[in-house]
Trainee: 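Here it is: the structure, laid out below.
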Amino acid sequence: MWNRMFEPRVLTDYGPDGFLAISALPGGESLEWCYGCGKCVAVCPVDIVGDYGPRKIHRKVQTGTDLMADSDLWLCTTCGNCLRVCPKQVDMISIMPAVREAALTGPGVPAELQEVFEKTFRYGNAFGQNQRRRAQWSEGAGVPVRILAKDPRPVDVLFYVEDYWSFHPRGQDAARAFARVASALGIDWAILGPEEKTLGDSQRLAGEKGLFEDLIEDVTATLAKYEFARIVTPDPHGFNALVNEYRPRGHVFEALHYTQLLAPLVGQIPWARELDLRVTFHDPCYLGRQNGEYDAPRTLLEAIPGVHLVEMGRCRENAYCCGGGGGGMWLDALTRDHTTERLSERRVREAAQTGADVLVVCCPYEVPRFADAAKSTGHEDLRVCDIIELIDEAMQSGAPGG
Ligand code: SF4
Ligand code: SF4
């Protein structure tokens with residue numbers, strides 16, 4: 001994986017060499033279609049806190065920058081907001097992964113990203129955790145959690161926990177909340193436990209397509225062992241992989257984000273109390289803009305007794321990115337050197353402006369990102385949690401949690 005030869009290229013000012021090199025990469029073709037209209041400038045979350053955006057990337061390549069050797073290559077979060085407005089369909093979600101893949105053999109790959117690739121390659125998860133700990137989060141959930149290797153009967157919902165709900169402490173809180181809610185609703189569900197490996201979509205978008213293809217082989221071999229009707233995941237990145245990457249390769253599963261599983265069931269949730277909370281919701285790029293789901297999370301939030309939803313100025317199709325997509329989750333150190341503030345900090349300021357008590361999310365990357373940003377921006381009183389945690393709280397009798 002790491003031993004391909006890198007050949008630095010000398011590019012000519014105002015020459016076509018840079019575009020020729022990028023256009024030759026599958027997925028890189030559209031960069032040269034830019035005609036400089038500037039529509040992407042106002043919507044690129046990196047440009048809003050820095051000096052970036054597709055138009056600038058196009059101009060830099062046009063004037064001799066070798067994108068493969070430039071730090072700009074790693075700043076795009078593949079949030080997709082530029083593609084939404086671009087009249088020429090300049091597709092950074094395809095361009096950046098293609099150029100990053102070509103650049104992987106070079107000296108400019110950020111060390112923290114290399115570390116994540118290595119951990120994923122060796123352990124099957126971005127945390128470098130022993131796979132035997134995959135189901136450890138379920139201890140303390142208060143309800144039984146079925147692991148298919150131990151109980152391989154057919155199941156309705158295969159719950160694909162993914163890395164951050166498996167291993168991050170705040171993700172584990174949310175996973176336990178999901179277990180309680182799913183059990184209370186009588187959902188027939190189970191997990192893979194130690195057999196689960198990451199679906200690897202963020203590693204793919206960060207450039208490691210080879211690793212992603214290997215993961216597809218491993219994941220589909222494991223899935224073939226069991227009978228299930230649907231795969232449900234809390235991770236919009238994993239959901240995106242199942243819908244837009246697995247299916248075109250012939251691995252067709254009914255895949256849902258967990259909010260899509262629960263939204264039709266809101267009428268059956270056994271509420272126990274009102275929460276009395278003003279909340280604002282952050283649309284995850286890979287659930288909303290990339291896969292068109294804006295309503296399921298809001299259906300759930302609006303059903304929770306005592307929860308009042310206030311929207312941020314940038315929401316739904318124009319939601320601001322948390323900075324975690326496309327490998328950005330692991331590149332905060334690099335981003336810090338090229339932006340005036342982290343994207344997560346900008347988003348927390350927008351959330352605080354609504355007067356909300358809680359910034360609610362439904363992507364496992366976002367709780368740790370925003371909780372950290374709330375502290376660094378002086379908004380410690382802004383609570384950050386997943387929707388599933390609020391649902392779980394409103395199902396418990398007793399004082400609300402914090
Ligand atoms: S995909 Fe998002 S972060 Fe990347 S250039 Fe476009 S708007 Fe900016
Ligand atoms: S919106 Fe598209 S065509 Fe217009 S400047 Fe941006 S990348 Fe170029």
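Computed from a prediction, not measured in an experiment: that's the story for all the values here. Both ligands and their constituent atoms are indexed starting at 1 by order of listing.
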Trainee: Using the side chain to side chain contact (heavy atoms under 4.5 Å, CB included) rule, take His257 and Cys362 through it: C-alpha gap first, then chi angles, then the decisive distance, then the call.
Mentor: CA-CA 9 Å; His257 184 257; Cys362 62; 3.8 Å; yes

Trainee: For this output row, return yes or no: ring centroids of Phe239 and Tyr286 closer than 6.0 angstrom.
Mentor: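 Distance test on ring centres: not under 6.0 Å, no.
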
Trainee: Is atom CD of Glu112 surrounded by more than 12 heavy atoms (other residues, nucleotides or ligands) closer than 6.0 Å?
Mentor: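 Yes, enclosed.
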
Trainee: In the protein, how many N/O/S atoms are under 2.8 Å from atom 8 (Fe) of ligand 2?
Mentor: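 For atom 8 (Fe) of ligand 2, protein nitrogen, oxygen or sulfur atoms under 2.8 Å: 1.
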
Trainee: Can you say whether the rings of Phe127 and His168 are parallel (under 30°), tilted (30 to 60°) or perpendicular (over 60°)?
Mentor: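 Ring orientation, 0 to 90° scale: perpendicular.
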
Trainee: With a cut-off of 2.8 Å, which protein N/O/S atoms are close to atom 2 (Fe) of ligand 1, if we only count those under it?
Mentor: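 N, O, S partners closer than 2.8 Å: Cys79 SG.
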
Trainee: Quick check on Arg249: does its CZ atom have over 12 non-hydrogen neighbours (other residues, nucleotides or ligands) under 6.0 Å away?
Mentor: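 Counting other residues, nucleotides and ligands, CZ of Arg249 exceeds 12 neighbours.
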
Trainee: Is it the case that atom NZ in Lys39 sees more than 12 heavy atoms from other parts of the structure closer than 6.0 Å?
Mentor: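 Result for NZ/Lys39: open.
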
Trainee: Parallel, tilted or perpendicular for Phe178 and Tyr258, by the 30°/60° rule?
Mentor: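 Correct class here is perpendicular.
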
Trainee: Could you walk me through whether Arg134 and Asn125 pass side chain to side chain donor-acceptor pair (under 3.5 Å), step by step?
Mentor: CA-CA 10 Å; Arg134 267 279 177 196; Asn125 64 79; 5.5 Å; no

Trainee: Surrounding CG of Asp276 (heavy atoms of other residues, nucleotides or ligands, distance under 6.0 Å), is the total greater than 12?
Mentor: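 No, the 6.0 Å shell around CG holds no more than 12 heavy atoms from other groups.
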
